[in-house]
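Worksheet: one structure, shown below.
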Amino acid sequence: MSLIMTYIGSKGCVMAADKRSIGFLGDKNQRELLEEDLYSGKIDSDEKLLKRAKELDINLKISDQGEKIRNLGKVLVGEVKIRATHETKRKRIYATTNGYHQVELTGSEIQNVKSGQSSIVIFGNKITKEIAGKSLKKHFKSKISLNEVGKIFQKVMEDVAEATPSVSSEHDIFIIHPQMDHKQSMELLRTTIISDVKELEKWRNKLKEDMLAQRRDIQMASRIITQGEVGRVKKVEGDVVEVILSDGVEALNMDWNVLAKPGDTIFMKIEKPSPLNLGDLVVIEDENLCIKKNKTSLSCDIILCKAD
């Protein structure tokens, strides 16, 4: 779903990328038919893409806000993603003056590295690479400045966007010109890749932790008592009420840690002064914590849940 072009020369580096991403929602077989039509070049406009998606009952989520390339100062980085069933595969190019590395990753593990010195490297699907290649041959010439390369890349992006909706007319272009020889560039790229992949690993680990925490929140939230018996009054002192938790009820803090188990005592507060008796039943009715006999409202700063 991307077009990334990189020029690596002796004076610097130019990288350009479109900003489109497309999500396909619907039957797997129908999605594959739509993708085949799109990547083969049968669909050559946004209108035809939307029409064909409707025929196949596929919902599309199209965005032209993607950031596929990054400027790290002396190194430019471009990335395309391939989402598999259980893992995300990435293909990256790290480029600077006089050198580049193409890196293939599964998750945050490097699977393959291909290196070079001076070149034009294109990432994209079959149709975008084909169109971009023809456009480059038409516009490119030898011995041109980095700024001229940038203008040519811009023209190529426009040509490709007119021929296929798999890329957008919106694009990013970066130009850098650090002075270094091939040996220096290879060392800079090596250290940059190591640092960047470590950051990716940290990000992936944080994402996994967040997803696990979110899953736990959902699971725990399903145990919160919204209707039923909570416990019985053990003692009243001013506006503080001691309550013995009923069987099957426990109290948790905001991090879902158990503070009190069935039979333990917890503290609540009376919202308004009201006569209470020992043994009065405390319930939650329509999500309101109260004394069952007279509906006297109570409050507490803990979560009341069904016990495991």
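One-based numbering along the sequence shown.
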### Message
Between Q227 and I284, does the side-chain contact (heavy atoms from CB on, under 4.5 Å) criterion hold? Intermediate values first, please.
### Response
CA-CA 5 Å; Q227 191 81 15; I284 295 178; 5.6 Å; no
Using modelled atom types only, decide if a donor and an acceptor are shared between the side chain of [X] and the backbone of [Y] within a distance under 3.5 Å.
X	Y	result
E242	F267	no
S195	T191	no
T296	I291	no
D18	L3	yes
N98	M180	yes
R20	P165	yes
Q184	D181	yes
D27	N29	yes
Q179	H177	yes

### Message
Going by side-chain contact (heavy atoms from CB on, under 4.5 Å), V14 matches just one of I8, L76, I175. Which one?
### Response
I175
### Query
Quick one: which of H171, M157, M15 gives a side-chain contact (heavy atoms from CB on, under 4.5 Å) with M5?
M157
Measuring from [X]:[atom1] to [Y]:[atom2], what's the distance to the nearest 0.5 Å?
X	Y	atom1	atom2	result
K68	I4	NZ	CD1	7.0 Å
M268	D301	CE	CG	10.5 Å
K19	I69	NZ	CD1	8.5 Å
N253	I302	CG	CD1	9.5 Å
K114	E104	NZ	CD	9.5 Å
R52	Q30	CZ	CD	8.0 Å

### Task
Give the intermediate values and the outcome of side-chain contact (heavy atoms from CB on, under 4.5 Å) for residues S297 and N288.
CA-CA 7 Å; S297 293; N288 295 314; 6.0 Å; no
So, do [X] and [Y] sit near enough that their side-chain heavy atoms are less than 4.5 Å apart?
X	Y	result
L38	N125	no
V283	V230	no
C300	I266	no
L146	Y7	yes
I152	I144	yes
T128	Y39	no
I120	V149	no
E229	V249	no

Look at [X] together with [Y] and state whether they make a salt bridge at an N to O cut-off of under 4.0 Å.
X	Y	result
D196	R70	yes
R92	E79	yes
E187	K183	no
E285	K292	yes
E148	K151	no
K51	E47	no

[X] to [Y] - nearest heavy-atom pair and separation:
X	Y	answer
S185	T96	CB-CG2, 3.6 Å
G99	H182	CA-ND1, 4.3 Å
D64	S168	OD1-CB, 3.2 Å

### Query
If you group Ile, Leu, Val, Met, Phe, Trp and Tyr by side-chain heavy-atom gaps below 4.5 Å, do L289 and V233 land in one group?
yes
### Query
I176, I193: one ILVMFWY side-chain cluster at the under-4.5 Å cut-off?
no
### Query
What's the verdict on side-chain contact (heavy atoms from CB on, under 4.5 Å) for W256 and I303, showing C-alpha distance, side-chain angles and the deciding distance?
CA-CA 8 Å; W256 305 113; I303 304 171; 3.8 Å; yes
### Message
Between L188 and V75, does the side-chain contact (heavy atoms from CB on, under 4.5 Å) criterion hold? Intermediate values first, please.
### Response
CA-CA 8 Å; L188 173 62; V75 175; 3.7 Å; yes
